[in-house]
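Here the structure is laid out as structure tokens; the discussion comes afterwards.
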Amino acid sequence: MPAETPTILATSGGWAFDDRLRWRVGPLTDHAVELSGVDGRAPKVTFLGTACGDDAGLYRDFYNAAQKRGFQASHLQLFTMPNVDDITAHLLEQDVVWVWGGSVAGLLAMWRLHGVDEAMRAAWEAGVVLTGVSAGSICWHVGGTTDSFGPDLRPIDNGLGLLPYSNGVHYDSEEQRRPLFQSLIAAGTLPSGYATDDGAGLLYRGTEMVEAFAERDGAGAYFVERGPDGTAVETELEVTRLR
């Protein structure tokens with residue numbers, strides 16, 4: 001059951017600590033499933049851990065979390081070879097595609113090598129809800145800030161560009177994120193964009209950001225643009241709290 005319009009929920013969250021599991025599905029990811037409009041059956045959710053090198057333990061944790069939440073779960077891995085014959089067909093069969101964090105540079109390289117970039121665009125245009133955390137948030141945008149190349153953050157500007165903005169993640173929890181994101185936008189290296197504190201997410205319908213959400217008290221979302229004097233201007237957005 002596709003969403004009515006192309007839908008992306010780009011986050012710095014979507015998971016939570018759990019007493020029995022390593023982690024569980026968080027309110028932001030639950031909301032992504034709600035946005036898919038599934039009713040009367042288990043939602044089909046596929047998980048991509050490309051940015052973590054398709055770590056087997058990560059997939060085990062996902063299946064445990066998905067079983068607890070009642071998802072019809074699957075995954076798409078690329079190492080050491082794709083685990084499905086037709087990547088586009090696999091994504092089009094889903095209600096939600098959930099992309100984990102890690103190296104966004106590695107994710108983009110592997111996706112382009114295997115045609116996942118075009119498959120994601122096809123899924124997005126067909127109404128499959130795309131969501132993800134960190135690298136799984138930046139990837140949908142033009143670019144953002146990343147530690148893919150080392151502990152000192154660097155810009156990345158070769159995102160999929162489904163959304164014509166830059167994206168800042170972990171805005172409140174990693175000290176380099178906010179100043180670098182602002183300076184890159186002020187310099188014109190990145191276009192104007194949206195940023196999320198840990199536990200916040202941005203809902204896009206088509207290419208328009210329509211609402212910001214948070215699963216953690218105090219988590220904020222922001223729009224950053226280049227002002228007329230060449231400096232970055234940050235505007236805090238209203239945030240809807242998810243429980």
Side-chain angles (χ1 to χ4, degrees), residues 1-49 51-52 58-75 94-102 124 127-141 163 167-174 177 194-205 208-223 236-243:
M1 180 182 297
E4 294 181 357
T5 59
T7 301
I8 293 175
L9 185 60
T11 84
S12 289
W15 63 278
F17 292 107
D18 187 84
D19 292 337
R20 297 182 181 276
L21 305 177
R22 286 174 59 88
W23 50 265
R24 59 180 169 83
V25 177
L28 283 166
T29 304
D30 278 334
H31 190 56
V33 173
E34 292 171 6
L35 291 167
S36 72
V38 174
D39 186 34
R41 61 169 174 82
K44 298 178 182 178
V45 179
T46 200
F47 184 84
L48 282 80
C52 284
L58 178 60
Y59 287 124
R60 179 197 62 225
D61 296 339
F62 162 68
Y63 279 104
N64 288 337
Q67 181 181 32
K68 182 174 182 179
R69 190 58 98 241
F71 296 162
Q72 183 177 333
S74 63
H75 72 285
Q94 309 305 316
D95 300 305
V96 177
V97 173
W98 185 7
V99 181
W100 201 248
W124 175 64
V128 178
V129 175
L130 308 182
T131 192
V133 54
S134 193
S137 175
I138 296 170
C139 63
W140 317 119
H141 299 77
L163 306 170
N167 182 224
V169 296
H170 308 306
Y171 209 54
D172 64 337
S173 63
E174 298 180 11
R177 295 280 185 177
Y194 293 91
T196 49
D197 292 340
D198 282 1
L202 304 159
L203 173 60
Y204 297 89
R205 295 289 196 179
E208 179 184 1
M209 205 292 292
V210 297
E211 193 169 4
F213 295 92
E215 61 188 8
R216 177 179 66 82
D217 289 341
Y222 314 86
F223 178 66
E236 187 168 1
L237 305 175
E238 291 188 10
V239 175
T240 300
R241 303 293 169 180
L242 300 171
R243 300 297 179 185

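Given the structure is predicted, the values throughout are model-derived calculations rather than measurements.
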Within a strict 4.5 Å, meaning less than it, do heavy atoms of the [X] and [Y] side chains meet?
X      : Y      : value
Arg241 : Val239 : yes
Leu237 : Phe223 : yes
Glu34  : Leu9   : no

Measure across [X] and [Y] and return the closest heavy-atom pair with its distance rounded to 0.1 Å.
X      : Y      : answer
Glu215 : Gly26  : OE1-C, 3.7 Å
Ala221 : Ala212 : CB-CB, 3.7 Å
Lys68  : Leu21  : CD-CD1, 3.8 Å
Ser36  : Asp95  : CB-O, 3.8 Å
Ala135 : Ala51  : CB-CB, 4.0 Å
Thr5   : Thr7   : O-OG1, 2.7 Å

Over 12 foreign heavy atoms within 6.0 Å of CZ, Arg22: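 No, not enclosed.
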
Any donor-acceptor pair under 3.5 Å from Thr11 side chain to Gly201 backbone: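 No, because the side chain of Thr11 does not come within donor-acceptor range (under 3.5 Å) of the backbone of Gly201.
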
Aromatic ring pairing Tyr63/His75, orientation class (parallel under 30°, perpendicular over 60°, tilted between):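 Aromatic pair Tyr63/His75 classed perpendicular.
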
Geometric class of the Tyr59/Phe47 ring pair [parallel <30°, tilted 30-60°, perpendicular >60°]: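 Taking Tyr59 first and then Phe47, their aromatic rings stand perpendicular (interplane angle over 60°).
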
Note: Asp198-Arg216 ion pair, threshold 4.0 Å (strictly below):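 Salt bridge absent between Asp198 and Arg216.
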
Taking atom [atom1] of [X] and atom [atom2] of [Y], what is their separation to the nearest 0.5 Å?
X      : Y      : atom1 : atom2 : result
Phe71  : Trp98  : CZ    : CH2   : 7.0 Å
Arg24  : Asn64  : CZ    : CG    : 14.5 Å
Leu58  : Trp100 : CG    : CH2   : 6.5 Å
Phe213 : Leu28  : CZ    : CG    : 8.5 Å
Ile8   : Leu202 : CD1   : CG    : 11.0 Å
Ser134 : Glu174 : OG    : CD    : 7.0 Å

Distance-only side-chain donor-acceptor flag, Tyr194 / His141, under 3.5 Å: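 No, no side-chain donor-acceptor contact under 3.5 Å.
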
Residue that, paired with Arg69, satisfies side chain to side chain contact (heavy atoms under 4.5 Å, CB included) out of Val33, Val25, Thr29, Val45: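 Considering Val33, Val25, Thr29, Val45, a side chain to side chain contact (heavy atoms under 4.5 Å, CB included) with Arg69 is found only for Val25.
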
Reference residue Ser12; test side-chain hydrogen bond (donor to acceptor under 3.5 Å, both in side chains); the match among Thr196, Asn167, Asp197: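 For Ser12, the side-chain hydrogen bond (donor to acceptor under 3.5 Å, both in side chains) check succeeds only for Thr196.
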
